[in-house]
Amino acid sequence: MAYLRLLPVLLVLVTFASAQEAEELTPYSVVEVESYLKVFKDTYKDRKLPEEDAVAVLEDLRKAYLFLNSKGEEISKDEEGAKRDIVKYVAKGLKARKRPLVTLECANVLGQIADPEGAKPLLQWMDRVVLDMKSVNTQWVEYGFRSMAAIGADDSQTIDLVRSYATGKHVDPAVASHAIAAAGNWRHLKGRTRKELFEKILGYVGGLYSNSKGGDPKKRGSFEKKFKAVEEAAMKTLTELAGVDEPFKNPPEAQSWWKDNKKAKWEDYVGPAYRKKDAEPKKEGDT
């Protein structure tokens, strides 16, 4: 039986922050974390105060979480409790009314710390607030989907939401573009889920492409506009999910590949930001 393999085969999950850039961790004590949490609780939803006050504290809470998380098995019960409190209160910030900068940064931080406990509140915020708007806040959509991908929850509710918006559930094609990009950057997907997302995304963008080239002449312009909005994200994500070295240039090319590989057993998927980098090639003379 054929298998679709990712290259390189040996993979490792890393934090969202370290996937982007190595970061020197700053030590934080439990007392310091409690102090920052108190400031955040006093500022994140107070409309009389500048949003920048709460945003500045969020940066310290993010750094504190990453430091405490780096302690691994050496972490104390008090430090573990501080970690949970950071996630708890950053998630609360998603509900701050008329505080868009605070809300945006809370979504961003939840993705950077990538704690599994942040998955549910982030999903609820996306489902009940962000994606429920007819005229969406595009930054909220982008940061929300990106952070969902960084956490990488694989429950059916989360995957269903990503799949539905990646295939045009919202009237704004920018939403589909960000959802599609998130699918390709997901921290980890089961093989079956990986295959399903590939099939559904290909079906959606393939339909847009076909209708932009043929069909009702009066509607071609609309389909072409939607296809152009998702084209870049779609081709990149389909290439990543397929695990091929040569990028797909267009939907027909991806469909041709799918026809030959859809019956294969698809292995689990790890997003490009979370794959173990190949060791640097040895210099001449190294042993």
Side-chain angles (χ1 to χ4, degrees), residues 11-126 139-140 142-144 146-153 158 185 187-188 270-271 273-277:
L11 306 171
V12 65
L13 300 185
V14 295
T15 65
F16 184 71
S18 63
Q20 296 179 333
E21 182 179 358
E23 179 175 357
E24 184 176 348
L25 300 179
T26 304
Y28 283 82
S29 68
V30 172
V31 173
E32 287 177 306
V33 172
E34 290 174 345
S35 176
Y36 284 120
L37 283 171
K38 184 180 185 308
V39 175
F40 182 69
K41 284 184 269 185
D42 292 340
T43 58
Y44 83 91
K45 61 181 178 181
D46 191 338
R47 296 184 211 170
K48 297 178 182 179
L49 298 175
E51 290 189 79
E52 289 78 8
D53 291 356
V55 169
V57 179
L58 278 168
E59 175 61 10
D60 277 297
L61 292 175
R62 181 189 73 84
K63 290 181 177 179
Y65 178 96
L66 293 177
F67 168 73
L68 295 174
N69 194 53
S70 71
K71 303 190 76 170
E73 295 182 357
E74 296 180 1
I75 193 170
S76 68
K77 289 184 178 180
D78 287 343
E79 289 172 329
E80 189 64 50
K83 269 181 57 181
R84 290 196 299 270
D85 285 342
I86 290 172
V87 179
K88 174 183 176 181
Y89 282 99
V90 172
K92 281 181 178 290
L94 294 173
K95 299 179 181 180
R97 299 185 63 185
K98 296 184 179 181
R99 304 278 279 173
L101 292 179
V102 173
T103 303
L104 181 67
E105 189 57 22
C106 285
N108 185 36
V109 169
L110 287 176
Q112 290 186 335
I113 63 180
D115 190 296
E117 291 301 315
K120 185 175 181 180
L122 190 59
L123 172 66
Q124 292 175 341
W125 175 66
M126 288 290 286
Q139 279 193 310
W140 282 5
E142 178 184 359
Y143 278 56
R146 188 179 71 184
S147 290
M148 289 176 71
I151 295 173
T158 298
N185 289 310
R187 181 175 287 264
H188 178 266
V270 175
Y274 310 102
R275 298 172 192 168
K276 184 177 180 180
K277 295 181 179 180

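With sequence neighbours excluded, no residue forms a side chain to side chain contact (heavy atoms under 4.5 Å, CB included) with Ser35. Under the rule for a side chain to side chain contact (heavy atoms under 4.5 Å, CB included), the partners of Ala54 that lie at least two apart in sequence or sit in another chain are Phe40, Thr43, Tyr44, Val102. Applying the ring pair (Phe, Tyr, Trp, His ring centres under 6.0 Å) rule to Tyr143 yields no partners; only residues at least two apart in sequence or on another chain are considered. Residues satisfying the ring pair (Phe, Tyr, Trp, His ring centres under 6.0 Å) test with Tyr65, not counting sequence neighbours, are none. Judged as a salt bridge (charged side-chain N to carboxylate O under 4.0 Å, His left out), and not counting sequence neighbours, Lys45 has no contacts. With sequence neighbours excluded, the residues forming a salt bridge (charged side-chain N to carboxylate O under 4.0 Å, His left out) with Asp42 are Lys38, listed by chain and number. Here Lys71 pairs with Glu79 under the salt bridge (charged side-chain N to carboxylate O under 4.0 Å, His left out) rule; sequence neighbours left out. The salt bridge (charged side-chain N to carboxylate O under 4.0 Å, His left out) search around Glu80 returns Lys83, not counting sequence neighbours. Partners of Ser70 by side chain to side chain donor-acceptor pair (under 3.5 Å), not counting sequence neighbours: none found.
The stretch residues 91-117 participates, sequence neighbours left out, in no salt bridge (charged side-chain N to carboxylate O under 4.0 Å, His left out) pair at all. Applying the salt bridge (charged side-chain N to carboxylate O under 4.0 Å, His left out) rule to pairs touching residues 46-61 yields Glu59-Arg62, Glu59-Lys63, sequence neighbours excluded. Judged as a ring-ring contact (aromatic ring centres under 6.0 Å, His included), the pairs with a partner in residues 97-125 (not counting sequence neighbours) are, in order, Trp125-Trp140.
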(request) Dump the intermediate steps for side-chain contact (heavy atoms from CB on, under 4.5 Å) on Leu110 and Leu94, then the final yes or no. (result) CA-CA 10 Å; Leu110 287 176; Leu94 294 173; 3.8 Å; yes
(request) Could you walk me through whether Leu123 and Met148 pass the side-chain contact (heavy atoms from CB on, under 4.5 Å) test, one step at a time? (result) CA-CA 7 Å; Leu123 172 66; Met148 289 176 71; 3.9 Å; yes
(request) Carefully, step by step, assess Ile151 and Leu122 under the rule side-chain contact (heavy atoms from CB on, under 4.5 Å). (result) CA-CA 10 Å; Ile151 295 173; Leu122 190 59; 4.0 Å; yes
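Using a 4.5 Å cut-off on side-chain heavy atoms (C-beta onward), Ile86 and Val33 make contact. Side-chain contact check for Asn69 versus Ile113: every heavy-atom pair is 4.5 Å or farther apart.
Distance check: Ser147 OG to Asn108 CG gives 5.5 Å after rounding to the nearest 0.5 Å. Taking CD from Gln139 and CG from Leu101, the interatomic distance works out to 8.0 Å, rounded to the nearest 0.5 Å.
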